[in-house]
Structures are given as structure tokens and as C-alpha cells.
Amino acid sequence: MKYSRILGTGSYLPEKVLHNTDMEKLVDTSDEWIRERTGIEQRHIAADDETTLDLAEKAARNAIDAAGINSNDIDLIVIATTTPDCVFPSVASMLQARLGITNESPAFDIQAVCAGFAYALGVADNFIRGGSASVVLVIGAETFSRILNWKDRNTCVLFGDGAGAVVLGEDDKPGIHSTHLHADGRYKDLLHVPNGVSRGYDVMQQQEAFVQMRGNEVFRMAVTKLREVVEEALKANQMDKSDIDWLVPHQANIRIIQATARKLNMSMDRVVLTVQNHGNTSAASIPLALDTAVRDGRIQRGEKLLLEGFGGGFTWGAALVTY
Ligand code: UT7
């Protein structure tokens, strides 16, 4: 039986930081409102000449160093992103060239917005279990700031840019115990960028291709579906809540994270929280949180992690992992 295991993690955040007080100058909001409703204190924003590929490359190089592998050992790259540099080729394909990988292994992007990293991890895990890959670079990378309407206080205060990466390797024991992925397309209008290239560039320019969200309705659904999916992950592995050492959640809102922690009977000191520093970095948020807690020594080898995320689509997912 083949399993995948995390060999190393990495991340990257752009240098520019916008604090809540900076947001007060852009829209009718306050530091107090943002902290109380979301837990966010600041977010990183990509420089004008910095793209998702640049962020992904830096996170990837960190993860490759941490894993102690050569780039050419990588036989699959999966990047979760909603904000790719080009319509095509994929960010993953361009990253393969930047990393000097010449082994002609597959590379592709997947798009599941804030659940993207859970999806990418699930795909990568199945490639390894099925014997189609043995060393996989899995990345969540976003320049979400580019698809925000900076005049809309309902959305622009919530998001940030960044990238997180893991290198997965084949092993005879887990590693990744299971991944659980879901989608329900009936809710598309609650959280979306309603226009894309297929509608034509004129439509995109006239109608603005920016994030629109009915936050309160998304919030309620996120709490419900994340509760269900963490339960599903525990049940699939015949594990109890008390078996989990760390919750590594998608970082959209501290109140959603607290609700999931309560469901797991976990105190907040067993929850990796980065939302205060990063905001919601969409597909990048879980691997950014994971790398933060690995590098500061909180997450140790052998510990059990529950990763979960929820996003537009709706899409949601979880992974149960022994680090
Ligand atoms: O990662 C993908 C999934 N996304 C999420 O999970 C996000 C889920 N939703 C949320 O995190 C929360 O719903 C928000 C943080 C977006 C909003 O918090 P809320 O407690 O649900 O507030 P609300 O939408 O019910 O709005 C309350 C009030 C409204 O004013 P009125 O209508 O009560 O007068 C808003 O207009 O807060 C107002 N408001 C703001 N006020 C100051 C909305 N945005 C802001 C703002 N500053 N930035």
C-alpha cells in the first residue's frame, strides 16, 4: 500500500503590508470593525510587478529546501490558484520551467478558490496512492488583491496575497490518511467573480470582474459544512476528536475558525491562526498556516493535523494528516 507524506513545507508573503488603519483611508471602515468581525489586523499585498508565479516560486523553493530534494525529483506539480498569471499556460507549467525541471512530468493548476489547497492535496495524494507520481509539489498561491474592488468595504478588507507549498513523497505509511472534497454549485451567486474571459474582455471591463460576496450567508454555510467535513474525516479514519493535535484551518474569519474548534473540543492554543497577519489568502491560507507552525516549532513530526477549507462554488474539503 502506498501513501503520501509531507517531506517539507514553505511559504512566501509579499513585502508590502496594509494594516487596518490603511484600509480606513480607502473605504468607510474601522480597525475595530475589522478586528471584531474577522480577526484580521493586516494583510500582505503583491507589488505591482509581482505575480502569482513569483509568489509560488518563492514558496516552492522554501519547501524544496525543507524537503531536502532536488527539483528534478519532482514528478508532478499541482497549483491551486484563482488568480493565475495567464489564461494559459498554467502557473504550474511555468513554475516547472523556472525551477529548471526537465523531466517532462505533468504540471497543472486547479481552481477551487479557498478550498483549492484541500483539493490540490487530494489530487496529489491520489496520484501518489495510484502510483502515478512519487514526489509532488503542491502549492496554494494567490494574488487575490488583483480581483478585489478596492471601493467595496464588504470584500476589500478581507483578503490578502501569498503562497504556501508542500512537497509530498511516497511512503509505506500515512502521511495523508484521507482527503474529503465537496462542492455544491447551487450557491454560486453568494461568493463569486461573476465575469471571466469566456464572456469576452469587453464584458469584463464594463461589468467589473471583482469578488462579490454575501458575507453573512457564506459565513453560515461555511460553519455548517466545515463542521460536517471534519466529522467526516474523523469517522473515515475511526479517530476521535481528542486524537487531533492541531487544527490548520483556512483563514477566512476567526469566528468561523472558533466554531470549528468548538466542534472538535479543541482549545484555541491547538489551532494555527494566521488570519490576523495574512487576512484571507484563499488557496494559499492553509499551506501558509501550516508552514508558519512548522517553522516556529509548534507542529512536530508524528503529530496529527486536521486541515480544512471552504470557499466559492461552494467548494469545501478537509485532510487528516500525520505530519
Ligand atoms: O474564504 C471564503 C469564504 N469566505 C468566508 O468564509 C467569509 C464569510 N463571511 C464573513 O467572514 C463575514 O460574514 C463578514 C466578515 C464578511 C461580515 O461579517 P458579518 O458579521 O457577517 O457582518 P454583516 O455582513 O452582517 O454586516 C454587518 C454590517 C452591515 O451594515 P448594516 O447593514 O448592518 O448597517 C455592513 O454593511 O457591517 C457592515 N460592513 C462593514 N462595516 C465596516 C460590512 N463591511 C464592513 C466594513 N467596515 N469593512
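What you are looking at is a predicted structure, and each value in this text was computed from that prediction instead of being measured.
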Heavy-atom side-chain contact between Asp109 and Phe88 under 4.5 Å: no
Pair Glu142, Thr82: side-chain N/O donor-acceptor within cut-off below 3.5 Å: yes
From CA spacing to verdict: side chain to side chain contact (heavy atoms under 4.5 Å, CB included), Thr155, Phe210: CA-CA 9 Å; Thr155 51; Phe210 297 127; over 6 Å; no
Between Asp152 and Asn154, a side-chain donor and acceptor under 3.5 Å: yes
Of all pairs that satisfy salt bridge (charged side-chain N to carboxylate O under 4.0 Å, His left out), the ones with a partner from residues 185-205, not counting sequence neighbours: Asp184-Arg186
Heavy-atom pair of closest approach, residues Ala80 and Ala120: CB-CB, 4.1 Å
Members sharing Leu99's hydrophobic cluster (side chains within less than 4.5 Å): Leu7, Leu53, Ile64, Ile69, Ile74, Ile77, Ile79, Val91, Met94, Leu95, Ile101, Val135, Leu137, Ile139, Val167
Test item: Tyr3 and Arg129 side chains (from C-beta on) under 4.5 Å apart, heavy atoms: yes
Test side-chain contact (heavy atoms from CB on, under 4.5 Å) applied to Asn280 - qualifying residues, sequence neighbours left out: Cys114, Phe159, His250, Ala252, Ser282
Donor-acceptor pair, side chain of Asp296 and main chain of Arg298, under 3.5 angstrom: yes
Gln251 (side chain) donor-acceptor with Pro249 (main chain) under 3.5 angstrom: yes
Thr143 side chain vs Thr51 backbone, donor-acceptor pair below 3.5 Å: no
pair Met221-Leu190: side-chain heavy atoms closer than 4.5 Å: no
Heavy-atom pair with the smallest gap, counting every atom of Ala118 and Gly317: CB-C, 4.0 Å
Exam field: side chain Arg153 to backbone Asp28, donor-acceptor pair closer than 3.5 Å: yes
N/O donor-acceptor pair under 3.5 Å between Asp291 side chain and Pro287 backbone: no
Counterpart residues, side-chain contact (heavy atoms from CB on, under 4.5 Å), relative to Ser132 (two or more places apart): Phe127
hydrophobic_cluster_shared for Val17 and Leu13, side chain cutoff 4.5 Å: no
Separation between CG of Asp269 and CH2 of Trp246, rounded to the nearest 0.5 Å: 7.0 Å
CG-CD1 distance between Leu168 and Ile176, expressed to the nearest 0.5 angstrom: 4.5 Å
Point-to-point distance, once rounded to the nearest 0.5 Å, from OH of Tyr323 to CG of Leu305: 9.0 Å
Distance-minimising heavy-atom pair for Pro14 and Asp161: CD-O, 3.5 Å
Nearest-0.5 Å distance that lies between atom CZ in Arg262 and atom CD in Gln258: 6.5 Å
Inter- and intrachain pairs under salt bridge (charged side-chain N to carboxylate O under 4.0 Å, His left out), touching residues 71-99, at least two apart: Asp54-Arg98, Glu57-Arg98
Contact summary for Asn216 and Arg220, nearest pair of heavy atoms: OD1-NH1, 2.7 Å
Pairing residues for Lys16 by the side-chain contact (heavy atoms from CB on, under 4.5 Å) criterion, not counting sequence neighbours: Leu18, Ile45
Test ring pair (Phe, Tyr, Trp, His ring centres under 6.0 Å) applied to Tyr187 - qualifying residues, sequence neighbours left out: Phe314
Side-chain donor or acceptor of Asn20 paired with backbone N/O of Glu32 under 3.5 Å: no
Under 3.5 Å donor-acceptor, Asn72 side chain and Thr102 backbone: yes
Non-hydrogen side-chain atoms of Arg270 and Leu247 separated by less than 4.5 Å: no
Side-chain heavy-atom pair Arg43, Ile34 within 4.5 angstrom cut-off: yes
Polar side-chain atom of Thr52 near backbone of Thr83 as donor-acceptor pair, under 3.5 Å: yes
pair Leu264-Glu308: side-chain heavy atoms closer than 4.5 Å: no
Phe310 with Val321, same ILVMFWY side-chain cluster at under 4.5 Å: no
With Arg35 via salt bridge (charged side-chain N to carboxylate O under 4.0 Å, His left out) - residues at least two apart: Asp31, Glu41
Salt-bridge present (Lys235, Glu232; N to O < 4.0 Å): no
Gap between atom CZ of Phe219 and atom CE of Met213 - 0.5 Å precision: 11.0 Å
Closest contact, heavy atoms only, His44 versus Glu15: ND1-O, 4.4 Å
Exercise: do Asn237 and Ser178 side chains pair donor with acceptor under 3.5 Å: yes
With Arg5, the salt bridge (Lys or Arg N to Asp or Glu O under 4.0 Å) member among Asp172, Asp171, Asp125: Asp171
Co-membership, hydrophobic cluster, residues Met266 and Val272, 4.5 Å side-chain: no
Which atom of Ser134 lies closest to which atom of Ile128, heavy atoms considered: O-CD1, 4.2 Å
Transitive ILVMFWY side-chain link Leu158 to Met23, under 4.5 Å: yes
Partner set under side-chain contact (heavy atoms from CB on, under 4.5 Å) for Thr322, not counting sequence neighbours: His177, Lys304
Test item: Asp22 side-chain N/O and His19 main-chain N/O as donor-acceptor pair under 3.5 Å: yes
Beyond-backbone contact of Ile257 with Leu273, side-chain heavy atoms, under 4.5 angstrom: yes
Residue list, side-chain hydrogen bond (donor to acceptor under 3.5 Å, both in side chains) with Gln276, at least two apart or on another chain: none
Spatial distance of atom CD1 (Ile40) from atom CD1 (Ile254) [nearest 0.5 Å]: 10.0 Å
ILVMFWY cluster, Tyr119 and Leu76 together (side-chain gap under 4.5 Å): yes
His182: partners by ring pair (Phe, Tyr, Trp, His ring centres under 6.0 Å), with sequence neighbours left out: Trp316
Leu55: hydrophobic cluster co-members (side-chain, 4.5 Å): Tyr12
Within-4.5 Å side-chain heavy-atom neighbours: Ile244 and Leu234: yes
Chi angles and distances behind the side chain to side chain contact (heavy atoms under 4.5 Å, CB included) call for Lys225, Glu228: CA-CA 5 Å; Lys225 291 299 162 192; Glu228 286 173 13; 3.0 Å; yes
Main-chain N/O of Thr281 paired with Ser285 side-chain donor or acceptor, under 3.5 Å: no
